[in-house]
Number of protein chains: 2
Amino acid sequence: MRRPITPSAHGTIGTPAPMMRGLSRTCGRGGVTLDDTQEARSMTIEKVTMAEVAAKAGVSRSAVSRYFTPGASVSKKTAEKVRLAAEALGFRPNILARSLITGQSRIIGLVIAYLENYFYPEVLEKLSKALQERGYHVLVFMSSQGSETVDDVIQEILDYQVAGLVTASVSLSSELSTRCAALGVPVVLFNRAQDGKGVTCVTSDNADGGRQVARLFTAAGHRRIAYVAGWEQASTQRDREAGFLQGLAEAGQTLFARAVGNYEAAAAKAAARQLFAGKSEAERPDAVFVANDHMAFVVMDVLRFELGLKVPGDVSVVGFDDVPPAAWPAYDLTTVRQDAETMVARTVERLLAQIETPAEASSEPIRMPAPLVLRGSARIPEGWSPPEPEPPQEI
Amino acid sequence: MRRPITPSAHGTIGTPAPMMRGLSRTCGRGGVTLDDTQEARSMTIEKVTMAEVAAKAGVSRSAVSRYFTPGASVSKKTAEKVRLAAEALGFRPNILARSLITGQSRIIGLVIAYLENYFYPEVLEKLSKALQERGYHVLVFMSSQGSETVDDVIQEILDYQVAGLVTASVSLSSELSTRCAALGVPVVLFNRAQDGKGVTCVTSDNADGGRQVARLFTAAGHRRIAYVAGWEQASTQRDREAGFLQGLAEAGQTLFARAVGNYEAAAAKAAARQLFAGKSEAERPDAVFVANDHMAFVVMDVLRFELGLKVPGDVSVVGFDDVPPAAWPAYDLTTVRQDAETMVARTVERLLAQIETPAEASSEPIRMPAPLVLRGSARIPEGWSPPEPEPPQEI
DNA sequence: GAGATTTTTGCAAGCGAGTGCAATTTTGAA
DNA sequence: TTCAAAATTGCACTCGCTTGCAAAAATCTC
């Protein structure tokens, strides 16, 4: 049973706060020992609430609340009074309090595994900007793909009552995705494909990308074609490889050699050595498709600087992602583009649709084209258009 | 005037929820036409609250709350009852509600300007991990250094009742820093120096770094030494340049040429051309200090691939930051190291000290050593230790 | 084992803001 | 001008959780 609380009109609200607001600093006793730190310390923390604004404006709390709520009904007169009072007091609504009642923050959780692969900083930056524009913000969680960790981390995220969840290059246990669904939190898997009710996957057409690389290699006359694989559990790895193999098969070839780089620099280095070190020309590949750019750079470095091979003279190298350094002249890496900009745009679009109008939102996977970007690290077959001088776009 | 935007779908939130809580899912009519999407859609969002746990455990809400509050007093018996009930119901406390009361979330706001400079992804990753370990999380805000934007963005951050604020390579208007102080929100400026009450600055010793580069160049016998400046308003730019000039002066030299790269790739490219293009050997610099690695790569690219100059044969190039690509053999860039790991560690340390024990926390600036990393892009003076083969650390 | 402590526990009052409902005011139409 | 319809306003309850306080239970002391 709850007793009605009668607000005493002239209420002393908290205890002493209101009266000392703003005029509290230790009234300048030019004390010798009162250093800056001390002063800062004794400053009252001022928090302005709606109640105070309402009082100052001479309206009810509801009016103030409505003023700050877009679609709500407030008269011009009231609005103006509130605006003035709020401005004078420097009031800003407490998002947490609002979220408590609406049951939803405007926070999007982002789980991301690593930022060493420069595809992800790009994604993060664009995602954050795009969401910011729509009034949402990104809460970041780093988590490597130990599945236990991921689940824990996602639990933590959910504790923040996030409005949505994006996982970049990290997949979700089906238990967790069920849980998110039950909580009404839409999930987008970015750059990972995965079955699962409700979650939306945004990927590029990895298989097709792989296939195109195979076509490039075979058309260029390569006969000893190798592959450096990414992390075997990743859908991107599987799809890229599958497409690549299929492309080779279409040209009547099979893989000459394979090593696993795990999407990691160290492992990629080892993989490159395994494929190339101490081998005669006939024993080593004459072309290698590396499952992402991040590893491709390492492979190129080993080839050129450790083994003294020419790229593409002795070996053609192709990567995947088209991260910015791929365009740097020192690498000039032929690669398959994943357009971060567009992938992010679609991600945001879908996520917000699911948040704001769940009833009519789709959860079909989104797959983007993955065009081959011809540059100088792979031999170009006769008749193919040569690498255009890169439009005068800035590096 | 900027009003917060509330999700349009006000309607359904507060109405029927409570009564249908938990027992609602469409009692499995295995209907043929009920596809996954439909089912997911009609699922009620289940939220478990403390009250429910309390009821199930046969204790009061307070008991449950205390069970989830570290230092609180709960008997073993009660704790066990609560644990069981909570587990059975899958209960997790709502962080937002907690924050509303404690007046402080465990969220740290991070304002960051750009991720193209690969120093920052490193910082972000490490910062996020370090904070995660201590139970805090990072809310990211991208903001370029238009001062208006920055202030707006920081306002938004404050709306989230963040426990602390880190700005990376972005400076703060003094009005805003005052405001943060008044709100009791500690602020750390990462990689920016700035006077100002209360805010802590974490930087490396930029001036000393610059000075060391000057010593390297002069000791190596360079006579036409140039500088590519960063964004002129940045304290890092000013300090690096000042130290560099002072180092030159100590060796009785002055700057041969200067151009501004603004810390941007495009501008750096233009700067490089301005300094080198179409000039005879005597007219162009024989050494150039570039204010950060991000620009140094671009400068090297222009020198080597556009102008056909040898590095360090014709020109020595030195950068600042020691981002990962600096160690890539294709650049092998001599540079000044800013140790992201340690800088972040100190940042976190200080920030948490200020949050958790404001009374005894210092706000002295933190300055870290900035050692020169000798690699292959700059001529090495006789007698200096040559670039060690990089310890067998992974790329 | 009684009294004095010390621990646990539950009650109820908030934290700051959103919102259904009913009362009030404004606007519109006749 | 008058009355109905529309727009605005305020009240009070609510969101999920923390916490001061006092009552109740457990523990200690001699």
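Remember, predicted model here, so these are calculated numbers, not experimental data. In what follows, chains are A, B, ... by sequence order, proteins preceding strands, each numbered from 1.
Under a cut-off of 6.0 angstrom, the local environment of CD in E175(B) is sparse, with at most 12 non-hydrogen atoms contributed by other residues, nucleotides or ligands.
Not a single donor-acceptor pair under 3.5 Å links the side chain of T69(B) to the backbone N or O of A72(B). A donor-acceptor pair is defined here as one N or O able to donate and one able to accept, closer than 3.5 Å; no such pair exists between the side chain of R106(A) and the backbone of S99(A). When atom types are taken as modelled, the side chain of T102(B) and the backbone of R98(B) share a donor-acceptor pair closer than 3.5 angstrom.
Of all nucleotides listed (dT9(C), dC21(C), dT19(D)), dC21(C) comes nearest to the side chain of R66(A). Here dA17(C) is the nucleotide among dA17(C), dG10(D), dT8(D) with the atom lying nearest to any side-chain atom of R61(A).
Contact annotation for V64(A): no contact, since no heavy-atom pair falls under 4.0 Å across all strands. Contact annotation for F91(A): backbone-only contact, meaning every heavy-atom pair under 4.0 Å involves sugar-phosphate atoms and none involves a base. Contact annotation for S75(B): backbone-only contact, meaning every heavy-atom pair under 4.0 Å involves sugar-phosphate atoms and none involves a base.
Put simply, the side chain of R92(B) and the base of dG16(D) share no donor and acceptor less than 3.5 Å apart.
Between K77(B) and K77(A), the one whose closest nucleotide on DNA chain C sits nearer the 5' end is K77(B). Both S62(A) and V74(B) lie near DNA chain C, and the one whose nearest nucleotide falls closer to the 5' end is V74(B).
Residue S60(B) has no polar side-chain atom (N or O) positioned under 4.0 Å from OP1 or OP2 of dT9(C).
Near DNA chain C, meaning a heavy atom under 4.0 Å away, the residues from residues 95-106 of chain B are L100(B), I101(B).
At a threshold of 4.0 Å, the pair E125(B)-K129(B) counts as salt-bridged, since one of the basic side-chain nitrogens sits closer than that to a carboxylate oxygen.
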